[in-house]
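Here is the structure we will look at, set down as structure tokens.
Side chains included, hydrogens not; waters and symmetry mates left out as well; all remaining heavy atoms used. Please read all numbers here as calculations on a predicted model, not as lab measurements. We number each residue from 1, following the sequence as shown.
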Amino acid sequence: MTTTTPAAPVAAPLAELTRLLGQLAAPGGPFSGERLAALDEREAFPTEACRALDGFGLPRYYVPTEHGGALDDFGMVTRLLRAVSRVDLTVAAAHGKTYLGAVSTWIAGDPARAALLGRRIGEGAVVSCALTERHHGSDLLAGEVTAHPVDGDGGGWRLSGEKWLINNITRADLVTVLARTDPEGGPRGFSLFLVDKKRLAPGALSPLPKVPTYGIRGADISGLAFHDALLPSDALIGEPGQGIEIILKALHVTRTGCMGMSLGAGDHALDLAARFTADTTDDDGTPLAEIPYVRRELGEAVAGLLLAEATGVVAARSVHALTGEMSVVSAVAKAYVPAQVDDLVARLLHTLGPYGLVDADPHGRFAKLERDHRIIGIFDGSSLVNRNALIDQFPRLARAYRKGRRDDEGLTEATDVHAPLRPFRPEALSLLSGTGASVVAALPAAVDRVRELTASGDASGRLATLADGLRRAADGLHERMAAVRYSPRAVPGHAFGLAEQYELCFAAAATLHLWLRRPGRVDETWLRGCLVKALTDLGEPVEEVDRDALDVLADTLLSAPPGTLPSFLDPLEGTTR
């Protein structure tokens with residue numbers, strides 16, 4: 001990135017896209033409920049919907065400005081994909097794959113080739129990313145697809161093997177492929193290639209059958225087999241042997257797009273639930289929204305989505321502001337946000353299902369949403385993979401927290417949504433964070449600030465009590481993290497539980513930082529609701545009087561116009577996202 005940008009410019013394209021999606025969701029439109037339901041039933045690709053997004057110019061936001069696109073804020077991609085996902089996750093996953101597929105070239109590609117890729121995407125080219133193989137799942141170091149250098153004039157590489165369970169790989173014009181370039185394998189035994197299908201000789205590749213999936217049924221989830229495909233030398237991304245390093249760094253960035261899709265699904269679920277509970281009565285004629293248990297469950301769901309949003313907002317801004325910490329931030333966010341939204345959807349299904357939530361929906365939108373979102377947790381590394389990556393950094397995180405080591409300037413930028421963002425510097429990405437996670441390391445200082453606000457009358461004693469509880473939980477957690485000992489490939493089971501608790505502490509700390517950065521005094525009830533939810537999930541005690549904040553969140557949801565929900569992105573009296 002080459003220019004410093006404020007957060008505000010994202011509003012214009014977001015508002016424009018939101019208006020367009022509203023128009024396209026009209027009866028008969030490509031985003032209408034009946035059309036999307038019919039495509040899902042037939043497991044058919046949403047061609048017209050994707051074409052409409054092309055017409056809007058969404059691919060421009062997948063390409064950095066220095067390569068000819070409009071991407072100068074990774075939070076923009078998150079919010080735009082969130083808007084699409086709020087209507088349909090299948091379309092978002094199908095169209096957004098180009099963003100995920102191209103990032104490796106933005107990070108490590110030659111500038112001239114990156115500019116060429118930017119032009120191709122601007123002209124409508126679709127890009128996929130082929131990492132996984134049929135027998136190896138997420139174990140990239142076990143990959144068997146090979147690329148051998150070609151001797152003679154022109155050089156190049158010969159690619160052979162099969163990539164499987166890849167999104168958009170059949171429809172893609174270009175595919176980023178991870179291949180073994182050293183027979184011995186290992187971290188330096190793989191390289192990345194950008195394969196242009198049109199430049200391959202006839203017979204060099206063959207598509208594999210579409211894989212039936214539980215969710216996003218219409219997406220092109222399939223594979224490709226390469227048969228001694230001859231690649232030009234300029235297909236190599238970075239240097240030979242850098243493939244694993246580049247792709248891991250790329251994942252630190254692409255997970256922002258996955259978070260946007262999850263948050264959009266959460267928006268959709270809450271909107272459907274709010275309208276249903278407001279319009280439906282139980283057998284006694286009482287509106288479901290007036291039943292205390294239902295209101296409390298809705299409030300907890302709102303709090304869960306706010307925690308997920310806070311995590312996503314800070315993570316997307318951290319790509320710019322805390323780039324060297326993204327190995328931690330992205331792993332936390334990718335594990336936490338989809339899991340939190342899965343829990344939110346399951347909670348709403350459990351609470352409202354007996355009253356006919358699914359049957360009352362003419363297009364089965366809630367059931368489809370539940371199925372579709374289950375797949376998002378697998379994209380760009382499953383929760384298990386991301387938690388394992390987090391556990392690998394437990395010693396660093398524990399030391400940084402104990403010493404209060406943090407990047408205050410970067411943290412301020414990451415948690416103030418109105419602060420200008422510094423340019424993204426790909427070279428600052430690291431496989432391990434040297435400073436831990438500033439969001440969590442600064443939690444004690446944030447709690448101290450709440451105490452100061454309480455003393456001056458600008459925050460309540462209830463908020464201070466909840467913040468103190470979060471600090472105690474984080475203190476104890478880091479002591480347990482420091483005590484974890486294991487050998488490679490023998491991670492103890494309880495460490496994954498600690499990783500989940502760390503995600504909760506990160507999410508709660510993110511909400512606290514975001515609240516403290518708000519200009520002027522802002523209603524703290526929403527923050528208290530988030531802290532109640534986080535402390536409850538951490539197994540920490542919470543006073544019943546504090547749980548009333550969840551009822552306030554439910555009231556806010558139920559009183560808001562359709563599509564308008566609480567958000568940390570704008571002043572907390574509510575926003576249309």
Side-chain angles (χ1 to χ4, degrees), residues 13 17 30 45-85 88-109 113-132 163 165-178 192-198 216 218-224 235 237 246-247 250-261 264 316 319 375-376 379-380 424:
L17 178 59
F45 191 85
T47 303
E48 289 187 42
C50 287
R51 189 177 296 130
L53 296 179
D54 288 339
F56 165 76
L58 186 56
R60 294 190 304 117
Y61 297 97
Y62 302 155
V63 181
T65 53
E66 62 264 40
H67 303 314
L71 174 60
D72 56 8
D73 174 1
F74 283 93
M76 179 182 290
V77 179
T78 305
R79 296 183 75 180
L80 293 174
L81 288 177
R82 181 177 186 173
V84 178
S85 301
D88 189 73
L89 267 174
T90 300
V91 178
H95 198 277
K97 186 61 181 181
T98 290
Y99 165 62
L100 307 179
V103 168
S104 293
T105 297
W106 311 146
I107 289 176
R113 295 171 196 165
L116 176 60
L117 176 60
R119 288 197 297 273
R120 291 286 304 275
I121 293 174
E123 294 166 356
V126 175
V127 187
S128 183
C129 186
L131 304 181
T132 56
K163 289 293 183 179
L165 211 61
I166 312 298
N167 185 12
N168 257 14
I169 193 169
T170 301
R171 293 174 175 269
D173 302 287
L174 302 108
V175 184
T176 297
V177 178
L178 180 69
L192 277 178
F193 300 88
L194 184 62
V195 178
D196 186 340
K197 291 182 181 180
K198 291 183 179 179
I216 58 171
D220 168 25
I221 307 294
S222 54
L224 277 181
I237 300 174
I246 295 171
I247 206 64
L251 290 174
H252 296 166
V253 176
T254 62
R255 286 167 182 156
T256 59
C258 296
M259 289 183 296
M261 288 187 274
V319 174
I375 308 299
I376 304 302
F379 288 168
D380 286 26
F424 169 56

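Of all heavy-atom pairs spanning Ile107 and Ala250, the tightest one is CD1-CA, 3.4 Å. Counting all heavy atoms, side chain and backbone alike, Ala102 lies closest to Val127 at N-CG1, 4.0 Å. Heavy atoms only, all atoms of each residue included: Val126 and Asn168 are closest at CG1-ND2, 3.6 Å. Here the shortest heavy-atom pairing between Ile169 and Ala130 reads CD1-CB, 4.0 Å. Nearest heavy atoms, Asp54 versus Pro59: OD1-CG, 3.4 Å. The shortest non-hydrogen separation linking Ala219 to Thr90 is N-CG2, 3.8 Å.
Neither side chain, Thr65 nor Asp72, offers a donor N or O lying under 3.5 Å from an acceptor on the other. Counted by atom type alone, Ser222 and Thr170 present one or more donor-acceptor pairs between their side chains at under 3.5 Å.
Side-chain contact between Leu251 and Leu100 is absent, with no heavy-atom pair separated by less than 4.5 Å. For the pair Leu89 and Met261, the minimum side-chain heavy-atom distance is below 4.5 Å. With a 4.5 Å cut-off on side-chain heavy atoms, Cys129 and Val175 do not count as touching. By the 4.5 Å heavy-atom criterion applied to side chains, Ile166 and Leu224 are not counted as neighbours. Between Val63 and Leu71, every side-chain heavy-atom pair lies at or beyond the 4.5 Å cut-off. With a 4.5 Å cut-off on side-chain heavy atoms, Leu192 and Thr176 count as touching.
In this structure, CH2 on Trp106 lies 14.0 Å from OG1 on Thr254, to the nearest 0.5 angstrom. A distance of 12.0 Å separates CZ of Phe424 from CG of Asp73, quoted to the nearest 0.5 Å. Interatomic distance, Leu131 CG to Ser104 OG, rounded to the nearest 0.5 Å: 7.5 Å. In this structure, CD1 on Ile121 lies 10.5 Å from CD on Glu123, to the nearest 0.5 angstrom. The line from CZ of Arg82 to CE of Met259 is 11.0 Å long, rounded to the nearest 0.5 Å. Taken from CG in Leu81 to CG in Leu58, the straight-line distance is 6.0 Å, to the nearest 0.5 Å.
In this structure, the side chain of Arg255 engages the main chain of Asp380 through a donor-acceptor pair within 3.5 Å. The main-chain N or O of Asp173 is never found under 3.5 Å from a side-chain atom of Lys198 such that the two would form a donor-acceptor pair. Judged by distance alone, with hydrogens and angles left aside, the side-chain atoms of Ser128 form a donor-acceptor pair with the main-chain N or O of Asn167 at under 3.5 Å. A donor-acceptor contact shorter than 3.5 Å is absent between the side chain of Lys163 and the backbone of Val177.
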Yes or no on side chain to side chain contact (heavy atoms under 4.5 Å, CB included) for Phe56 and Leu17, after CA distance, side-chain angles and deciding distance? CA-CA 7 Å; Phe56 165 76; Leu17 178 59; 3.6 Å; yes
Taking it one step at a time, do Thr256 and Met76 satisfy side chain to side chain contact (heavy atoms under 4.5 Å, CB included)? CA-CA 10 Å; Thr256 59; Met76 179 182 290; over 6 Å; no
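Side-chain rings of Tyr62 and His95 approach one another, their centers coming within less than 6.0 Å.
Taking the six-membered ring where the residue is Trp, Phe74 and Tyr99 present tilted rings, their angle falling between 30° and 60°.
Looking at Arg120 and Asp196, a side-chain N of the basic residue comes within less than 4.0 Å of a carboxylate O on the acidic one, giving a salt bridge.
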